[in-house]
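The structure under discussion appears below in the form of structure tokens.
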Amino acid sequence: MPELPEVESVRRSLLPYLPGRVIEEAVVHHSKVLIFPTPQEFVECLRGARFERLERRGKLLIFQLPPGVLLVHLGMTGQITFRDPGRADTPFERHPHTGLERTLQHPLDQHTHISLHFSDGCALLYRDIRKFGKWRLIRRDNPRLQNELARVGTDPLTEDWQFEPFFQAVTRSDRAIKAIILDQQVSAGVGNIYADEALFVAGIRPEVRGKKLSRPRLKKLFKAIPEVLQKGLKYGGTSFSDYVDADGKKGTNQESLLVYGRYGQPCYQCRQTLLRTTVAQRTSTWCKVCQKA
DNA sequence: ACCTCGACCTGGGCGC
DNA sequence: TGCGCCCAGGTCGAGG
């Protein structure tokens with residue numbers, strides 16, 4: 001589900017609620033998504049903890065709540081929502097153009113694995129249908145924390161996104177370019193949707209080997225990656241089925257995607273029918289006219 | 001170092 | 001209505 005724009009939308013939508021708030025009680029309903037510590041230690045460590053900051057690197061949410069740091073990866077279907085029992089709940093709203101239904105404040109159901117409760121009755125709920133998401137609570141002085149953070153590479157929406165390191169990483173590799181930009185060390189936060197979008201914008205076929213790509217073509221891709229991510233963010237993320245922000249709102253970027261999910265439909269640029277192949281074990285949609293080998 | 005495959009999970013959509 | 005199959009925003013480990 002969530003790639004950088006979705007995770008960042010979740011982060012931003014949580015900001016009005018979290019900083020300064022103190023956890024009264026943490027509840028682990030199903031421990032599958034909790035990697036460490038044990039549920040007992042998790043609950044004990046979080047009782048009385050105060051949210052300080054909420055950061056993000058790539059697809060990783062970083063909750064600073066001393067003495068610990070909570071790392072959350074949403075996997076494919078993870079949802080973090082803020083529940084306020086005092087707020088009027090709207091069971092659904094119809095999107096004016098698409099008719100898409102949007103649900104606010106998801107219920108505590110069998111897919112809700114973790115809840116963090118505050119003294120005023122509000123709560124942070126974690127729901128994850130497929131249970132691919134992961135929660136890790138690590139003390140700040142634990143060296144494991146740096147190991148976990150080091151697994152995430154350069155985030156394309158930061159000033160660390162520089163052309164030379166990107167160029168080196170790509171041209172050093174014989175892998176398909178799509179596999180390279182899906183590599184979280186190379187471009188942290190890019191997933192299947194935005195990889196296809198960026199490759200289309202740059203006019204590069206997904207299966208082209210990294211070392212075959214010229215400097216000018218990679219310059220285009222280097223620019224396209226943050227562009228498509230920014231666009232996704234502008235529309236509040238891409239919601240095909242599960243993605244919602246902290247208020248339960250879906251994004252609308254699915255309406256402006258250029259290629260992802262448009263297999264068999266005409267390319268917006270040349271009207272050629274879009275193709276679908278498997279690259280890097282992921283379904284890839286692309287245009288044989290607009291994207292060159 | 002890289003590829004492919006299967007695993008981890010649940011649910012929705014489709015064809016029969 | 002129901003069953004079986006395929007698909008899905010992600011990652012990880014095994015084996016070649």
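Computed from heavy atoms alone, side chains included, the values below leave out hydrogens, waters and symmetry copies. Remember, it's a predicted structure, so these values are computed and weren't measured experimentally. In what follows, chains carry the letters A, B, and so on, assigned in the order in which the sequence lines appear, proteins first and then strands, with residues in each chain numbered from 1.
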Please state how far atom CG in L71(A) lies from atom P in dT11(C), giving the value in whole angstrom units.
-> 14 Å
Rounded P spacing from dT10(B) to dT1(C) in Å | 24 Å
Base, sugar-phosphate alone, or nothing: which one does K134(A) contact when heavy atoms must sit under 4.0 Å apart?
-> nothing
Are K234(A) and N253(A) close enough that a side-chain donor and a side-chain acceptor fall under 3.5 Å?
-> no
Which pairs, with at least one residue in residues 158-168 of chain A and sequence neighbours excluded, count as a side-chain hydrogen bond (donor to acceptor under 3.5 Å, both in side chains)?
-> E164(A)-R215(A)
Pairs satisfying ring-ring contact (aromatic ring centres under 6.0 Å, His included), at least one member in residues 251-293 of chain A, at least two apart | F240(A)-Y260(A)
How are the rings of F82(A) and Y17(A) set relative to one another: parallel (under 30°), tilted (30 to 60°) or perpendicular (over 60°)?
-> parallel
Non-neighbouring partners of R11(A) that pass salt bridge (Lys or Arg N to Asp or Glu O under 4.0 Å), sequence neighbours left out | E8(A)
Atom pair CD (Q184(A)) and CG (D155(A)), whose distance is rounded to the nearest 0.5 Å = 9.5 Å
Ignoring hydrogens and angles, state whether a donor on the side chain of K178(A) or S284(A) is under 3.5 Å from an acceptor on the partner side chain.
-> yes
Any stem touching DNA chain C, meaning at least three consecutive Watson-Crick or G-U pairs under 3.5 Å, ordered by first number, would be B:2-8 with C:10-16, B:10-16 with C:2-8
Verify the distance criterion only: is there a donor paired with an acceptor across the side chains of R151(A) and Q185(A) at less than 3.5 Å?
-> no
What's the NZ-C1' distance between K131(A) and dA8(C), to the nearest Å?
-> 16 Å
Taking atom P in both dG11(B) and dT11(C), what distance in whole Å separates the two?
-> 22 Å
dT11(C) C1' sits how many Å from Q281(A) CD, rounded?
-> 12 Å
First and last nucleotide of DNA chain B touching chain A, 5' to 3', heavy-atom cut-off 4.0 Å?
-> dC2(B) to dG11(B)
Nearest heavy-atom neighbours spanning R50(A) and P66(A) = O-CD, 3.7 Å
How close or far is atom C1' of dT11(C) from atom CZ of R136(A), stated in whole angstroms?
-> 10 Å
Is the backbone N or O of C290(A) less than 3.5 Å from a side-chain atom of Q269(A), with the two atoms forming a donor-acceptor pair by type?
-> no
Whole-Å gap separating P (dT11(C)) and CH2 (W135(A)) = 18 Å
State the CD1-CD distance between I129(A) and Q79(A), to the nearest 0.5 angstrom.
-> 6.0 Å
Decide, applying a 5.5 Å centre-distance limit and a 30° plane-angle limit (both strict), whether F240(A) stacks on dA8(C).
-> no
Verify the contact: side-chain N or O of R151(A) to OP1 or OP2 of dC12(C), cut-off strictly under 4.0 Å; return yes or no.
-> yes
Protein-nucleotide distance (D183(A), atom CG; dT11(C), atom C1'), rounded to Å | 12 Å
Given atom CG of N147(A) and atom P of dC12(C), what is their separation to the nearest angstrom?
-> 13 Å
Between E41(A) and T38(A): side-chain donor-acceptor atoms closer than 3.5 Å = yes
What parts of residues 223-235 of chain A reach DNA chain C, counting only heavy atoms under 4.0 Å away?
-> none
Taken to the nearest whole Å, CZ/F132(A) to P/dA8(C) is 13 Å
dG10(C) OP1/OP2 closer than 4.0 Å to side-chain N/O of H73(A) = no
